[in-house]
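FYI, side chains are in, hydrogens and waters are out, and symmetry mates aren't considered; it's all heavy atoms of this structure. Counting convention: from 1, in listed order, for ligands and their atoms alike. Being a predicted model, the structure only gives us computed values, none of them experimental.
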Amino acid sequence: MSILVTGGAGYIGSHTCVELLQAGYDVIVVDNLANSREETLREIEAISGKSLTYYSTNLLDTNGLDQVFENHTIDAVIHFAGLKAVGESVEKPLHYYETNLLSTIQLCKAMERHGVHKLVFSSSATVYGIPEQVPVHEDAPIQALNPYGRTKIMIEEILRDLAATDEKWSISLLRYFNPIGAHKSGRIGEEPSGIPNNLMPYITQVAVGIREELSVFGDDYPTEDGTCIRDYIHVVDLALGHLKALEKLEETSGAQAYNLGTGNGYSVLEVVAAFEEASGKTIPKKVVERRPGDAPVTYADASKAERKLGWKAERGLGEMCEDSWRWQSHRAKQLAE
Ligand code: NAD
Ligand code: WQD
């Protein structure tokens, strides 16, 4: 089976490509490298011992996209490509709406033109905003706190409308919680450009000396140690969830949302402590003001994915920290050479 992976050079896409290739799928990547490097594709091939086909096409380029569908018989699409920085989405909403919404619409139109109706979409736990109840179930109220989150909600709605037009469509809306970690090989991982917005890349950059200290955004939340609680999930577990979702598309019709999380919540200070334990490094930190828009506590009810997809996250926080650290130290050495 041939799978088109948009955004396959990115953080979650690259790990998913490795798992797809190792499972025997043919992989075609479309990525304009807006937030990734072409070398990652070579690393995917080295890890898996298989080759993939790569197009540097922008998803907004209709002709380019048609060319990809004409060159290959594609069975299903996993759509990771998009912009994901919350703060940037507030500053550049049009850029976010254009890239995330239009690219998805162009992709689905190209799929229709070429008779491809199976799609796995990267949604996010951000669609729950500040949850009223935890663990968060798929039926919980939807609420966007920023333009990025709104793009995910809008795309989910567009895809539900599309799925209702023809029973040939089978679409999975995968709502990721907080992906961290990296492939065991240390050859691929998360590499944000500029100052990291997210907790784990900030911690790993402090650990290798790129940043001085971690700012902990608030310690007066109603949690045991006062810091926010999140559901961190190993990126390889997340990648494997995509393979299960693909299999499910074979036997279903319509659009379905699934939480991909572990069901466990950890505080910011617990993550820092787990990282220090895994890396042997001390992470200097100071408590600063709360970050606007942060939910105090969120973690998944991941039972639907287990029941319907036969998927469950298996890797714990210690392993996530070890793998993040292996990747960051390997990359820092590479950059220093
Ligand atoms: P990423 O930025 O590492 O990967 C996205 C990839 O898409 C990049 O390689 C980028 O070059 C490519 N891309 C962007 N715009 C494109 C375009 N117009 N045409 C072709 N390629 C384009 O991000 P990621 O962390 O791997 O996230 C993948 C998806 O998962 C995104 O849709 C993101 O919103 C979603 N998601 C991510 C997280 C997270 O914390 N990382 C959480 C929930 C959901
Ligand atoms: C985790 C915790 C911070 C950085 C974001 C997006 C969400 C999704 C996943 C894409 C929070 C605290 C962080 C720092 C800190 N992405 N923190 N110091 O906010 O749960 O989710 O990524 O869909 O849409 O919003 O993740 O890693 O930014 O923060 O104290 O320097 O770490 O306050 O409690 P978040 P995060």
Side-chain angles (χ1 to χ4, degrees), residues 5-16 29-38 40-41 55-61 64-65 78-87 89 95-96 98-100 102-104 106-107 121-129 144-146 148-149 151-152 155 174-180 188-193 195-203 205-206 211 213-219 221 223 227-233 235 238-239 242 260-261 265-269 271-272 285-299:
V5 182
T6 78
Y11 173 44
I12 307 168
S14 57
H15 289 82
T16 305
V29 168
V30 170
D31 195 310
N32 68 352
L33 306 180
N35 193 36
S36 48
R37 299 178 299 125
E38 197 166 345
T40 301
L41 299 166
Y55 293 87
S56 59
T57 308
N58 187 322
L59 284 183
L60 298 172
D61 169 7
L65 210 46
I78 308 182
H79 179 34
F80 294 104
L83 303 175
K84 62 165 181 177
V86 169
S89 79
H95 185 44
Y96 270 65
E98 179 181 40
T99 307
N100 291 1
L102 282 190
S103 67
T104 306
Q106 300 291 23
L107 173 68
F121 171 64
S122 300
S123 188
S124 168
T126 196
V127 302
Y128 299 118
L145 300 175
N146 49 64
Y148 166 71
T151 68
K152 292 295 179 195
I155 294 169
L174 302 184
R175 295 176 177 164
Y176 314 153
F177 278 70
N178 289 57
I180 60 171
I188 55 173
E190 186 170 19
E191 194 172 13
S193 54
I195 302 171
N197 300 305
N198 299 116
L199 180 62
M200 184 52 81
Y202 207 105
I203 292 176
Q205 290 198 6
V206 171
R211 315 266 158 218
E213 64 181 353
L214 172 72
S215 296
V216 175
F217 298 144
D219 68 352
Y221 286 97
T223 63
T227 64
C228 294
I229 291 178
R230 293 290 180 275
D231 186 339
Y232 297 93
I233 172 168
V235 66
L238 192 60
H242 292 73
L260 295 190
Y266 291 100
S267 74
V268 174
L269 296 182
V271 174
V272 173
K285 56 184 184 298
K286 65 164 185 277
V287 176
V288 300
E289 288 293 289
R290 289 181 175 197
R291 184 173 67 177
D294 268 342
V297 179
T298 174
Y299 52 92

Heavy-atom contacts under 4.0 Å between [X] and ligand 2: side chain, backbone, both, or neither?
X    : answer
N197 : backbone
V86  : side chain
N178 : side chain
S215 : backbone

- Query: Checking side-chain contact (heavy atoms from CB on, under 4.5 Å) for the pair L199/V271: CA distance, chi angles, key distance, verdict?
  - Reply: CA-CA 9 Å; L199 180 62; V271 174; 4.1 Å; yes
Distance filter under 4.0 Å to [X] heavy atoms, resulting ligand 2 atoms:
X    : value
Y232 : 1 (C), 2 (C)
T126 : 24 (O)
C228 : 34 (O)
V216 : 30 (O)
Y148 : 10 (C), 23 (O), 24 (O)

- Query: Do ligand 2 and Y202 have nitrogen or oxygen atoms that lie under 3.5 Å from each other?
  - Reply: no
- May I ask you to check if ligand 2 and F217 share an N or O to N or O distance below 3.5 Å? yes
- Task: Answer yes or no: does atom CD1 of I195 have more than 12 heavy-atom neighbours from other residues, nucleotides or ligands under 6.0 Å?
- Result: no
- Message: Starting from atom 36 (P) of ligand 2, what is the nearest protein heavy atom, named by residue and atom, and what distance separates them?
- Response: N198 ND2, 3.4 Å
- Of all the non-hydrogen atoms in the protein, which one sits nearest to atom 33 (O) of ligand 2, and at what distance? D294 OD2, 2.6 Å
- So F80 and Y176, would you call those rings parallel, tilted or perpendicular, with 30° and 60° as cut-offs? tilted
- Message: With a cutoff of 4.0 Å, is K84 in contact with ligand 2, counting heavy atoms of the residue only?
- Response: no
So what's ligand 1 close to, N/O to N/O, under 3.5 Å?
| residue | atom | partner | partner atom | Å |
| --- | --- | --- | --- | --- |
| ligand 1 | 2 (O) | N35 | ND2 | 2.7 |
| ligand 1 | 3 (O) | Y11 | N | 2.8 |
| ligand 1 | 9 (O) | G10 | N | 3.3 |
| ligand 1 | 9 (O) | D31 | OD1 | 3.2 |
| ligand 1 | 9 (O) | D31 | OD2 | 2.5 |
| ligand 1 | 9 (O) | S36 | OG | 2.7 |
| ligand 1 | 11 (O) | D31 | OD1 | 2.7 |
| ligand 1 | 11 (O) | A34 | N | 2.9 |
| ligand 1 | 11 (O) | N35 | N | 2.9 |
| ligand 1 | 11 (O) | S36 | OG | 3.2 |
| ligand 1 | 18 (N) | N58 | OD1 | 3.0 |
| ligand 1 | 19 (N) | L59 | N | 3.0 |
| ligand 1 | 21 (N) | N32 | N | 3.2 |
| ligand 1 | 21 (N) | N32 | OD1 | 3.2 |
| ligand 1 | 25 (O) | K84 | NZ | 2.7 |
| ligand 1 | 26 (O) | Y11 | N | 3.2 |
| ligand 1 | 26 (O) | I12 | N | 2.8 |
| ligand 1 | 32 (O) | F80 | O | 2.8 |
| ligand 1 | 32 (O) | K152 | NZ | 2.9 |
| ligand 1 | 34 (O) | Y148 | OH | 2.6 |
| ligand 1 | 34 (O) | K152 | NZ | 3.0 |

- What residues form a side-chain contact (heavy atoms from CB on, under 4.5 Å) with L33, not counting sequence neighbours? A9, D31, S36, E38, Y54
- Task: Begin with the C-alpha distance, continue with both residues' side-chain angles, and end with the deciding distance and a verdict on side chain to side chain donor-acceptor pair (under 3.5 Å) for H79 and T104.
- Result: CA-CA 8 Å; H79 179 34; T104 306; 3.0 Å; yes
- Query: Between N100 and L83, does a side-chain contact (heavy atoms from CB on, under 4.5 Å) hold up when you go through it step by step?
  - Reply: CA-CA 7 Å; N100 291 1; L83 303 175; 3.9 Å; yes
